[in-house]
Visitor: 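Starting off with a structure, shown below.
When reading the values below, keep in mind they use all heavy atoms of this one structure, side chains included, and skip hydrogens, waters and symmetry mates. Whatever order the structure lists ligands and atoms in, that order sets their numbers, starting from 1. Every value quoted in this text rests on a predicted model; they were computed, and no experiment measured them. In this chain, residues are counted from 1 in sequence order.
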Amino acid sequence: MTEDKQKMSLTKRVLLGMFAGIATGFIIRTFFSDISFVNDYIVHGIFDVGGAIFVASLKMLVVPLIFVSLVCGTSSLKDITTLGRLGGKTVAIYLATTAIAITLAIFTANIFQPGVGADLSAASSFQSSDAPSLGSVIINMFPTNPINSMAQGNTLQIIVFAVLFGIAVSSAGKAGVRIASFFADLNEVIMKLVVMLMNIAPYGVFFLMAKLFTEIGLEAIGNLLGYFLVLSGTLVLHGFVTYGVFFKVFTGLNPLIFLKKMETAITFAFSTASSSATIPVTLETATKHMGVKNKIASFTVPLGATVNMDGTAIMQGVATVFIAQAFNIDLTLGDYAAVILTATLASVGTAGVPGVGLIMLAMVLNQVGLPVEGIAMIMGVDRLLDMIRTAVNITGDSVVTCIVAKSEGEMDVDVFNDPKAGDKEEELHLHTLGGEYSQPDKADSSV
Ligand code: ASP
């Protein structure tokens, strides 16, 4: 059939969309930025609307996806002790990788000293907001009204409710079996929605990038080149080296295959700067491309997108040292220990949406008595760095997902090693509507 003709893989199309968007943005910014037609109708018209619709559709899937896949996952667990072990292991590894990330950040920032002699002129007007206490973060995980949690997109509350609901399903006898099979079907349908969305992603990513790169000037980086390079270098180092070593040591699998399979999710994270909006793609990548069973990924991926932010912690580490250097304030060893602890907590409390990491930085600065106005200095270059750190954040979620799955014997290594795994399912055949009944096969029937 002509359909079988060689098509570009989705990953390639999304990457192409990204690079074409970046190039288009640069060209418009350089040559056409004075033309009001281009600004009004193309940049703030087509690009803006197209990008916003794309991000909205991603977000649209997050709540139903987390709830349905997690109910499926939890209800298929054999016993409740598995859940406790899974939760403990996941949270422990998430915290460990974050603490390593921030320690690395403090080291590199001290070696390269990007803040020495930095220009303080921008450091005047930053309004810090109060960071929530750890106690209130924990209390806030428990929903009083799950519908409200869903309406507000409160991921942690949805996770708590879905886990409890799933446990109840698995212990409700015949009624539970019926509900579980309903949720398994619903999960297939929602994953199909994810696939539909991923197929428009190349355009969505193009619009987002084209608008962004028309608007952000790279001049801002000029003054903060040291900060930008140290931070992005540390992010890349953590993304490749720390994760590579962790992945290899704890799963025994090839980290290069892992990274290759992460390309699409990384591109999504990079262009949306939101771990939360990327959840559908991260989950799809983990289950369909890497062979992680849904019962693990449905728990670790949304949890990670909410509490595990290694990239954000790295930014907070480098930024703290940078600001201390710029204001000529010496940090003691005790201060560094406090930075590691608070930045780990701050990154847990950071929502997976653009720019929040910078706001949470105020909490870290307050802790060690540094001026929060320092945040104003680095704001100008934050968007680009936010994109990179979000990519690191979701890569960390996926590394831990694989480690936990492998250790639980819930990872299909053949799927992981198959370079084409999951590709077929990403092809959409809308013209065969209704004709694909036999499809929900190996998609991950073993939820
Ligand atoms: N944008 C980041 C994320 O979604 C959070 C942050 O660091 O601002 O993961």
Side-chain angles (χ1 to χ4, degrees), residues 51 54-56 58-59 61-63 65-66 94-95 97-98 101-102 104-105 126 128-129 131-132 137 153-156 205 208-209 212 216 227-228 231-232 234-236 238-239 243 262 265-283 285 300-320 322-323 339 342-365 372 375-376 378-401:
F54 173 60
V55 174
L58 271 173
K59 289 187 181 160
L61 293 182
V62 171
V63 171
L65 180 63
I66 296 178
Y94 275 153
L95 290 178
T97 52
T98 308
I102 172 138
L104 183 69
F126 182 81
S128 95
S129 58
V137 170
N154 186 323
T155 314
L156 287 181
V205 167
L208 283 177
M209 292 296 91
L212 188 74
I216 56 167
Y227 170 73
F228 188 90
L231 179 44
S232 45
T234 313
L235 288 168
V236 171
H238 188 69
Y243 288 154
M262 282 301 293
I266 286 177
T267 317
F268 269 67
F270 183 80
S271 43
T272 59
S274 169
S275 310
S276 176
T278 312
I279 289 174
V281 189
T282 318
L283 197 57
T285 306
T300 55
V301 168
L303 185 69
T306 318
V307 305
N308 183 53
M309 310 251 167
D310 294 358
T312 303
I314 289 176
M315 178 277 283
Q316 290 170 342
V318 173
T320 306
F322 172 81
I323 290 168
V339 171
T342 357
T344 305
L345 293 179
S347 69
V348 170
T350 303
V353 291
V356 183
L358 203 63
I359 294 167
M360 297 300 280
L361 175 61
M363 180 172 153
V364 185
L365 296 179
V372 276
I375 295 177
I378 49 177
M379 251 153 109
V381 290
D382 195 61
R383 175 65 203 209
L384 213 53
L385 291 165
D386 193 5
M387 294 156 73
I388 307 175
R389 70 177 179 256
T390 307
V392 172
N393 288 345
I394 63 120
T395 307
D397 302 341
S398 307
V399 168
V400 177
T401 295

Visitor: What are the atoms of ligand 1, with element, lying closer than 4.0 Å to any heavy atom of Thr312?
Guide: 5 (C), 6 (C), 7 (O)
Visitor: Check each atom of ligand 1 against the heavy atoms of Met309 and keep those under 4.0 Å away; list them by number with element.
Guide: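 Close to Met309: 9 (O).
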Visitor: May I ask you to check if ligand 1 and Gly352 share an N or O to N or O distance below 3.5 Å?
Guide: yes
Visitor: With a 4.0 Å heavy-atom cut-off (strictly under), which part of Met315 contacts ligand 1: side chain, backbone, both or neither?
Guide: neither
Visitor: Name the residue from Thr98, Thr282, Thr312, Thr278 that meets the side chain to side chain donor-acceptor pair (under 3.5 Å) definition with Asn393.
Guide: Thr312
Visitor: Ignoring angles and geometry beyond distance, decide whether Ser276 reaches within less than 3.5 Å of ligand 1 through its nitrogen or oxygen atoms.
Guide: no
Visitor: Tell me, with the steps shown, if Arg389 and Asp382 meet side chain to side chain contact (heavy atoms under 4.5 Å, CB included).
Guide: CA-CA 10 Å; Arg389 70 177 179 256; Asp382 195 61; 3.0 Å; yes
Visitor: Run the side chain to side chain contact (heavy atoms under 4.5 Å, CB included) check on Met315 and Leu358 step by step: do they pass?
Guide: CA-CA 8 Å; Met315 178 277 283; Leu358 203 63; 4.2 Å; yes
Visitor: Can you name the closest pair of heavy atoms from Tyr94 and Asp310 and give their distance?
Guide: O-OD1, 4.3 Å
Visitor: Can you tell me which residue and heavy atom of the protein come closest to atom 9 (O) of ligand 1, and the distance to 0.1 Å?
Guide: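 Residue, atom and distance for the closest contact: Ser275 OG, 2.4 Å.
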Visitor: Nearest protein heavy atom to atom 5 (C) of ligand 1, by residue and atom, and its distance?
Guide: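 That would be Val353 O, 3.6 Å.
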Visitor: Would you say the side-chain atoms of Asp386 pair up with the backbone N or O of Gly355, donor to acceptor, closer than 3.5 Å?
Guide: yes
Visitor: Could you list the atoms of ligand 1 found under 4.0 angstrom from a heavy atom of Val356?
Guide: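 Those of ligand 1 that fall under 4.0 Å from Val356 are 8 (O).
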Visitor: In the protein, what heavy atom is nearest to atom 8 (O) of ligand 1, and what distance, to one decimal place, separates them?
Guide: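 Residue, atom and distance for the closest contact: Gly357 N, 2.7 Å.
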Visitor: Between Ser275 and Thr390, what is the shortest heavy-atom contact and its length?
Guide: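 Nearest heavy atoms, Ser275 then Thr390: N-CG2, 3.4 Å.
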Visitor: May I ask you to check whether Asp397 and Thr300 show a side-chain donor-acceptor distance below 3.5 Å?
Guide: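 No pair is found: no donor N or O on one side chain lies under 3.5 Å from an acceptor on the other.
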Visitor: Within the 4.0 Å heavy-atom shell around Gly355, which atoms of ligand 1 are there?
Guide: 8 (O)
Visitor: What protein heavy atom is closest to atom 1 (N) of ligand 1, reported as residue, atom name and distance in Å?
Guide: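 Ranking protein heavy atoms by distance from atom 1 (N) of ligand 1, first comes Asp386 OD1, 2.7 Å.
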Visitor: Could you list the atoms of ligand 1 found under 4.0 angstrom from a heavy atom of Ser274?
Guide: 4 (O)
Visitor: Between Gln316 and Val364, is there a donor-acceptor pair closer than 3.5 Å when you use the side chain of the first and the backbone of the second?
Guide: no
Visitor: Please list, in number order, the atoms of ligand 1 under 4.0 Å from a heavy atom of Ala273.
Guide: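 By the 4.0 Å cutoff, the relevant atoms are 1 (N), 4 (O).
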Visitor: Testing the basics here: between Ile102 and Ala343, what is the closest heavy-atom pair and its distance to 0.1 Å?
Guide: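 For Ile102 versus Ala343, the nearest heavy atoms are CD1-CB, 2.8 Å.
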Visitor: Check each atom of ligand 1 against the heavy atoms of Asn393 and keep those under 4.0 Å away; list them by number with element.
Guide: 2 (C), 3 (C), 9 (O)
